[in-house]
Amino acid sequence: MSNRPLHFVTLSGVPIDISELKWPFHASTSGADWHILHGRAEMLASGEGLHVEVAVGMTQTMKDALGSLDAENAEGLVVNAIRKTIDNGQLAFVKSGKLQPVHVTSRFYSFVAKKIQFPNQSEQDVMEMLKRRVFWLSAKAGKGAPVSVTHPYDCQYVNCARERMVELAQQLAAQGFINLESEFATATGALLKEEPAFVAAMHKGVEAGIAANKVSA
């Protein structure tokens with residue numbers, strides 16, 4: 001479990017802060033074969049307090065596969081399941097609202113490899129996520145402080161090895177978008193010029209969730 005802020009960017013371009021996860025998981029009160037963890041994700045770039053309260057539901061099959069639902073073992077899976085649910089337009093960021101579901105099922109697990117496994121992503125999509133990560137988490141939220149391009153939760157989220165993440169970041173550095181030292185990156189002027197595209201992607205990702213859930217912010 002990370003002691004640092006859980007700041008991430010989704011593949012759809014939404015910068016988020018997983019500001020609260022109410023460990024531990026507990027059995028569903030409905031009697032269904034689910035284990036529930038409540039949490040909260042806030043939109044990093046929002047000055048309006050936009051957030052989503054989530055009820056993360058873990059199936060018994062996944063619990064058995066993982067062996068443990070403690071924070072050290074399950075935090076990355078929970079964070080990335082929230083991110084994927086945002087990507088799928090199934091969570092609405094609002095000023096206030098009821099709990100919204102996030103389902104953690106066997107689609108996030110390889111029984112052959114016996115490990116958590118999220119879908120593969122194209123190198124272009126991974127590079128775009130890294131650009132957005134450096135923009136939102138370093139240039140904006142971090143006030144220029146370097147951010148890692150090899151966060152283990154990011155590697156799991158895009159199913160990409162740490163070494164490959166470094167290689168893709170090196171390509172971005174060669175293209176002039178980031179300054180890279182070891183695994184830590186900061187934004188260049190060229191990256192900052194792409195702010196309109198990053199903001200547009202963020203709004204598109206947020207609006208998809210609002211439209212799908214038929215709510216107003």
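Atoms considered below: every heavy atom in the structure, side chains included; atoms not considered: hydrogens, waters and symmetry mates.
- Here the side chain of S106 pairs no donor or acceptor atom with the backbone of Y109 at under 3.5 angstrom.
- No donor-acceptor pair closer than 3.5 Å links the side chain of D17 to the backbone N or O of L44.
- Using a 4.0 Å cut-off between charged side-chain N and carboxylate O, E167 and R164 make a salt bridge.
- When hydrophobic clusters are built by joining Ile, Leu, Val, Met, Phe, Trp and Tyr residues whose side-chain heavy atoms come closer than 4.5 Å, directly or via intermediates, V166 is not grouped with L191.
- A donor and an acceptor atom, one from each side chain of H38 and E53, are nowhere located under 3.5 Å apart.
- Within the 3.5 Å criterion, the main-chain N or O of M127 finds no donor-acceptor partner in the side chain of R132.
- In this structure, the separation between CD on Q100 and CD1 on I82 is 11.0 Å, given to the nearest 0.5 Å.
- Rounding to the nearest 0.5 Å gives a distance of 10.5 Å between NE2 of H35 and NE2 of H26.
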Pair D154-R162, salt bridge (Lys or Arg N to Asp or Glu O under 4.0 Å): steps then yes or no: CA-CA 9 Å; D154 278 344; R162 177 186 182 279; over 6 Å; no
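- With hydrogens and angles disregarded, a donor-acceptor distance shorter than 3.5 Å links the side chain of R83 to the backbone of V9.
- Pairing each heavy atom of A185 with each of S138, the nearest pair is O-OG, 3.9 Å.
- Under the 3.5 Å distance criterion, the side-chain polar atoms of S182 are left unmatched by any main-chain donor or acceptor of F184.
- With 3.5 Å as the limit, one finds a donor-acceptor pair spanning the side chains of T150 and E183.
- Put simply, CG on N80 and CD on E75 are 10.0 Å apart, with the number rounded to the nearest 0.5 Å.
- Distance CD/E20 to NE2/H51: 10.5 Å, rounded to 0.5 Å.
- E42 places no side-chain N or O within donor-acceptor distance of the main-chain N or O of L50, the cut-off being under 3.5 Å.
- One N or O on the side chain of N88 and one on the backbone of K84 form a donor-acceptor pair closer than 3.5 Å.
- Counting only heavy atoms from C-beta outward, the side chains of F8 and V79 approach each other to under 4.5 Å.
- Between L66 and L69, the closest heavy-atom pair is CD1-CD2, 4.0 Å.
- Ring to ring, H103 and W34 are close: their centroids are under 6.0 angstrom apart.
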Apply side-chain hydrogen bond (donor to acceptor under 3.5 Å, both in side chains) to residues T61 and T59 and explain how you reach the verdict. CA-CA 5 Å; T61 299; T59 63; 4.7 Å; no
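- Here CD of E128 is found 12.5 Å from CG of L168. Values are rounded to the nearest 0.5 Å.
- For H7 (side chain) and P5 (main-chain N/O), no donor-acceptor pair under 3.5 Å exists by modelled atom type.
- Under the 30°/60° scheme for interplanar angles, the aromatic rings of Y157 and F118 are found to stand perpendicular.
- Across E195 and F135, no two heavy atoms sit closer than the pair CG-CZ, 3.3 Å.
- Within the model, atoms CG of L192 and CZ of F198 stand 8.5 Å from one another, a figure rounded to the nearest 0.5 Å.
- In this model, a donor atom of one side chain and an acceptor atom of the other lie less than 3.5 Å apart for S12 and D87.
- Residues L91 and L99 fall into different hydrophobic clusters, defined by Ile, Leu, Val, Met, Phe, Trp and Tyr side chains chained together at heavy-atom separations under 4.5 Å.
- M58 and F111 end up in the same hydrophobic cluster when Ile, Leu, Val, Met, Phe, Trp and Tyr side chains are linked at under 4.5 Å.
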